[in-house]
Structures are given as structure tokens and as C-alpha cells.
Amino acid sequence: MTEPSLSVRMRLCLEDILRERVPLFDGLDALLGLAAAGPELAGDRDLERLAGLLNEVEHLPVGAGRAHWSAAALALKDRELMDHERRARESAHYACRRLQETLERDA
């Protein structure tokens with residue numbers, strides 16, 4: 001079985017973010033990891049906006065990096081992470097919807 005295209009994988013990731021199936025910043029981390037493999041998306045302003053939101057929480061446990069944090073540290077930092085998520089959700093979802101439109105248009 002062949003692996004889905006980068007565009008399909010990104011659209012699935014965007015859908016997970018928008019439907020809140022994954023924590024916001026974990027989803028953005030995964031999405032930006034996928035986007036790094038697509039040079040045609042370099043300079044996309046929505047991806048840059050999402051990267052900026054993710055950079056705001058680089059000091060917090062996000063994505064696969066959570067595995068390197070102790071349970072006690074996670075308990076302390078998760079509240080801060082949730083506060084950032086609440087503040088960033090609307091802006092992130094807007095950029096994700098715009099990126100979905102770009103990917104669908106370019107498909």
C-alpha cells in the first residue's frame with residue numbers, strides 16, 4: 001500500500017487540529033513537521049503564523065518532547081500550556097482553515 005501524499009497527510013492533520021482531536025500545539029508541531037517536507041509551501045503566511053504560535057510555547061512540553069519531561073514537571077507546565085492554547089485557538093484555527101483552502105486549491 002502506498003503512503004498518502006504530503007498534501008493528503010497535511011489535510012488530515014489540519015482536520016485533526018480543527019476538530020480538536022489532538023491538543024492544539026501537538027497538532028501544530030506535527031503539521032509543521034509535515035510542511036517542512038514540502039518546499040512548495042515555503043513562505044506560506046499561514047504556516048508562518050502557525051510556526052509563530054508554536055514558537056510562543058517552545059519552552060513548554062509539546063508533542064514528542066513531552067516524553068522527556070517528568071510527571072511532576074508536566075503537571076506544573078500543563079496549566080500554562082492550556083492557557084496558551086485557549087488564547088491561540090481562534091488564530092490557529094483561522095490559519096488552519098486558510099491553509100486547508102490553499103491545499104485544496106493546489107491539489
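Values in this document were obtained by computation on a predicted structure and should not be read as measured data.
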>> Minimum heavy-atom separation for Gly27 and Cys13, please, with both atom names.
In response: O-SG, 3.7 Å

> What residues form a side-chain contact (heavy atoms from CB on, under 4.5 Å) with Glu15, not counting sequence neighbours?
Replying inline: Arg19, Arg21, Gln100

> Once you round to the nearest 0.5 Å, how far does NE2 of His93 lie from CD of Glu90?
Replying inline: 10.0 Å

>> Using side-chain heavy atoms (C-beta onward) and a distance below 4.5 Å, is Arg66 in contact with Leu81?
In response: yes

Can I get a per-line list of side-chain donor-acceptor pairs under 3.5 Å for residues 31-44, giving both atom names and the distance, sequence neighbours left out?
from	atom 1	to	atom 2	distance (Å)
Asp44	OD1	Asp46	N	2.9
Asp44	OD1	Leu47	N	2.9

> Going only through I, L, V, M, F, W and Y residues with side-chain contacts under 4.5 Å, is there a path from Val57 to Trp69?
Replying inline: no

>> Please give me the minimum heavy-atom distance between Asp29 and Gly63, naming the atom from each residue.
In response: OD2-CA, 3.9 Å

>> Arg89 vs Glu85, test: salt bridge (Lys or Arg N to Asp or Glu O under 4.0 Å). Steps then yes/no.
In response: CA-CA 6 Å; Arg89 183 173 288 118; Glu85 187 171 313; 2.8 Å; yes

>> Keeping Arg11 on the side-chain end and Leu103 on the backbone end, is there a donor-acceptor pair under 3.5 Å?
In response: no

> To the nearest 0.5 Å, what is the distance between CG (Leu76) and CG (Leu60)?
Replying inline: 11.5 Å

> With hydrophobic residues grouped by side-chain heavy-atom distances under 4.5 Å, do Leu53 and Val22 end up in a single group?
Replying inline: yes

>> Please tell me whether Leu50 and Leu6 are part of a single hydrophobic cluster in this structure, the criterion being side-chain heavy atoms less than 4.5 Å apart.
In response: yes

> For the residue pair Val62 and Phe25, what are the closest heavy atoms and their distance?
Replying inline: CG1-O, 3.3 Å

>> Could you check whether any side-chain heavy atom of Arg97 comes within less than 4.5 Å of a side-chain heavy atom of Leu14, counting everything from C-beta outward?
In response: no

> Looking at Pro4 and Arg9, what are the two nearest heavy atoms and their distance?
Replying inline: O-NE, 3.2 Å

> So do the side chains of Arg49 and Arg98 get within less than 4.5 Å of each other, counting heavy atoms only?
Replying inline: no

>> Measuring from atom CG of Asp16 to atom CG of Asp26, what distance do you get when rounded to the nearest 0.5 angstrom?
In response: 11.5 Å

> Do you know the tightest heavy-atom contact between Glu56 and His84?
Replying inline: O-CE1, 4.1 Å

